[in-house]
Amino acid sequence: MSPSTPRFRFAPSPTGFLHVGNARAALFNWLEARRLGGEMLLRVEDTDRERSSSELIDNVLDSLRWLGIDWDGDIVLQADNLDAHRAAAHRLLEEGRAYWCDCTTEQVQERARQRGGPPGYDGHCRDRGLAQREDTALRFRTPDEGTTSFTDVVRGEVSFDNATIEDFVLLRSNGLPVFLLSNAYDDATMEITHVVRGEDHVPGTPKYLLLREALGLGRPEVFAHLPLLVNEQRKKLSKRKDAVSVAEFRERGYLASAMVNYLATLGWGPKDGIEVRPLEEIIELFRLEDVTPSPAFFDVKKLQSFNADHIRALSPERFREEVRPFLSSPEVAEALEPLAELVQERVRLLTEVEPMIAFLLDRPLEIDDASWEKAMVKGKAAPEMLDATIERFEALDAWTADAIRVAVEDAATAVGLTNAEGRPQLSKAQAPVRVATTGRSVGPPLFESLEALGRERTLERLRAARARL
RNA sequence: GCCCCCAUCGUCUAGCGGCCUAGGACACCGGCCUUUCACGCCGGCAGCACGGGUUCGAAUCCCGUUGGGGGUGCCA
């Protein structure tokens with residue numbers, strides 16, 4: 001690594017599954033690192049022992065890999081650095097830049113309430129000269145004057161009055177460092193040059209900067225605070241309230257390429273207006289400095305549309321590979337085979353594939369009531385059409401889509417389902433046949449479907465439907 | 001309350017002082033194509049939050065208002 005190599009990091013805390021907001025942050029780090037020829041590091045912020053677990057870490061890593069977001073070097077586990085973080089805090093204590101405090105959260109809040117002014121800690125223990133005890137936390141003494149500011153690539157100059165920054169906790173009474181300390185310290189030791197994260201970290205940035213300065217750790221070259229991803233209520237996406245885990249989207253039949261593509265359009269857009277495109281192009285076009293500062297709504301409808309486009313763009317072979325995990329058995333994969341291409345261009349989600357060809361499986365045909373009603377009861381000449389079709393199918397020499405088509409057209413003409421010129425009206429004529437054989441009024445093209453179904457089963461179903469009328 | 005941020009169609013965006021009677025995409029609504037559906041194509045609906053400046057000229061710059069959001073933990 002040359003000294004000028006930009007170093008990015010994605011630092012998830014494994015307190016839940018990787019959700020789309022984090023994934024977007026990881027993606028933007030990764031894209032910019034790619035563009036600048038920099039490195040992308042991964043640090044797992046697992047200092048909250050109670051909420052972290054190895055399963056959650058696995059989920060985060062799996063999701064990143066699935067998305068194709070890779071990283072350089074070994075993963076840093078923040079919990080491994082705890083001693084160094086503690087030592088740093090003690091150094092601050094020795095230098096008089098931190099002090100022990102025995103105020104409880106309740107006391108702090110109560111005083112703030114009575115005071116009526118700014119909330120947060122009031123510096124109560126600043127000069128009490130308390131020694132460390134079981135119930136004391138170490139607080140950082142923030143400057144009373146001056147301002148702390150930084151330049152943000154997406155937001156410009158951001159500045160805070162030091163007087164409004166409370167004396168925040170460095171070490172909990174149980175001795176564990178808090179996020180801010182670990183985060184700032186690790187960024188420094190990992191030589192991170194570009195800090196790219198969610199907008200929710202903006203208010204913590206002056207504390208981060210003050211801390212690094214006090215520790216003599218310098219500061220990152222670049223900050224970029226990405227716009228938050230919000231739900232329909234315009235609130236920050238929450239992993240608890242909003243169903244947004246990347247793993248879940250994967251299970252629901254979304255392609256990684258669609259996911260990444262869509263995520264890239266949240267807070268950023270290609271100048272040429274072409275949104276659906278391969279990752280390689282996005283890597284070329286993406287620029288952190290073009291990211292918008294305002295929050296973005298995560299629109300599943302639009303994601304679905306992207307997904308359909310990405311599915312259609314797959315090669316036939318690739319489509320089969322992607323679909324395989326969503327098929328319940330090898331028999332289903334086999335059944336899909338003859339219609340694969342036709343199905344590929346009709347689904348938005350990989351989970352829609354199996355239902356679309358379910359009529360080909362060796363199981364009793366389920367007939368959709370609404371479809372039946374429409375085609376058989378309200379549709380014209382359904383019984384006649386079925387009779388005529390059965391008759392012609394029985395007489396067919398070759399069971400091919402073309403032959404089937406001719407037979408159906410012929411049947412339609414025979415029963416009078418024709419237009420003004422006397423041509424068969426396939427749109428009407430195919431309906432009863434489709435419902436009788438596939439159970440639904442929509443699906444892949446009928447004649448290919450029947451060819452795949454086979455003459456025996458087709459006739460069986462046509463007769464059964466006829467009997468029901 | 002206090003601090004910080006944000007503000008272009010319903011949604012995501014392009015726009016970075018004149019090319020804008022504001023472009024694209026999703027969604028929605030018509031129509032065409034068509035064996036259903038899907039695709040594709042054509043068309044429609046719909047937006048610069050408001051008020052002041054600056055300027056010959058503002059969606060673009062400045063200020064304010066309003067609205068929204070984030071932070072305010074001995075969570076990360």
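These values consider heavy atoms only, across backbone and side chains, with no hydrogens, waters or symmetry-generated copies. Just so we're on the same page: letters track the sequence lines, and every chain starts at 1.
Judged as a side-chain contact (heavy atoms from CB on, under 4.5 Å), and not counting sequence neighbours, the contacts of A:N174 are A:R172, A:L176. A:K374 is linked by a side-chain contact (heavy atoms from CB on, under 4.5 Å) to nothing, counting only residues two or more places apart in sequence or in another chain. Residues meeting the side-chain contact (heavy atoms from CB on, under 4.5 Å) test with A:D135, sequence neighbours left out: A:D102, A:R133. Contacts of A:E289 classified as side-chain contact (heavy atoms from CB on, under 4.5 Å), with partners at least two apart in sequence or in another chain: A:R35, A:V153, A:R287. Every residue two or more places apart in sequence or in another chain that forms a ring-ring contact (aromatic ring centres under 6.0 Å, His included) with A:F249 is listed here: A:Y254, A:F298.
B:A46 and B:C26 have their C1' atoms separated by 14 Å, given to the nearest Å. Comparing the same atom, P, in B:C41 and in B:G24 gives a spacing of 13 Å after rounding to whole Å. Rounded to a whole angstrom, the distance from the C1' atom of B:A76 to that of B:G70 is 15 Å. Going from the P atom of B:C63 to that of B:U72 covers 28 Å, rounded to whole Å.
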When you compare the protein's N or O atoms with those of nucleotides 23-25 of chain B, which come within less than 3.5 Å of each other, and at what distance?
| residue | atom | partner | partner atom | Å |
| --- | --- | --- | --- | --- |
| B:G24 | O2' | A:G273 | O | 3.4 |
| B:G24 | N2 | A:E275 | OE2 | 2.9 |
| B:A25 | O2' | A:E275 | OE1 | 2.8 |
| B:A25 | N3 | A:K302 | NZ | 3.0 |

Pairs under 3.5 Å (N/O, protein and nucleotides 5-10 of chain B):
| residue | atom | partner | partner atom | Å |
| --- | --- | --- | --- | --- |
| B:C5 | O2' | A:R155 | NH1 | 2.7 |
| B:C5 | O2' | A:E199 | OE2 | 3.1 |

Under 3.5 Å between N/O atoms: give me all the protein pairs with nucleotides 41-48 of chain B, atom names plus distance.
none

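Between A:R9 atom CZ and B:A76 atom C1' there is a gap of 12 Å when expressed in whole angstrom units. Spacing between atom CD of A:Q304 and atom P of B:A27 amounts to 9 Å, rounded to whole angstrom units.
When the side-chain nitrogen and oxygen atoms of A:R348 are compared with OP1 and OP2 of B:C26, none of them lie within a distance under 4.0 Å.
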Check: residues 339-347 of chain A side-chain donor-acceptor pairs under 3.5 Å, at least two apart:
| residue | atom | partner | partner atom | Å |
| --- | --- | --- | --- | --- |
| A:E341 | OE1 | A:R320 | NH2 | 3.4 |
| A:Q344 | NE2 | A:I311 | O | 2.9 |
| A:Q344 | NE2 | A:L314 | O | 2.9 |
| A:R346 | NH1 | A:L342 | O | 2.8 |

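The cationic group of A:R91 does not satisfy the cation-pi geometry with A:Y185, failing either the under 6.0 Å distance to the six-membered ring centre or the 45° limit from the ring axis.
Contacts between residues 412-429 of chain A and RNA chain B, counted as heavy-atom distances below 4.0 Å, involve A:L426, A:S427. Residues from residues 432-450 of chain A with heavy atoms under 4.0 angstrom of RNA chain B, sorted by number: A:R434, A:S441, A:V442, A:G443, A:P444, A:P445, A:L446, A:F447, A:E448.
Applying the side chain to side chain donor-acceptor pair (under 3.5 Å) test to residues at least two apart or on different chains, the pairs with a partner in residues 436-451 of chain A are A:S371-A:S441.
Judged by distance alone, with hydrogens and angles left aside, A:S173 brings a side-chain donor or acceptor within reach of the base of B:C74, the pair sitting under 3.5 Å.
If you check every strand for non-hydrogen atoms under 4.0 Å, A:R139 touches sugar and phosphate atoms only.
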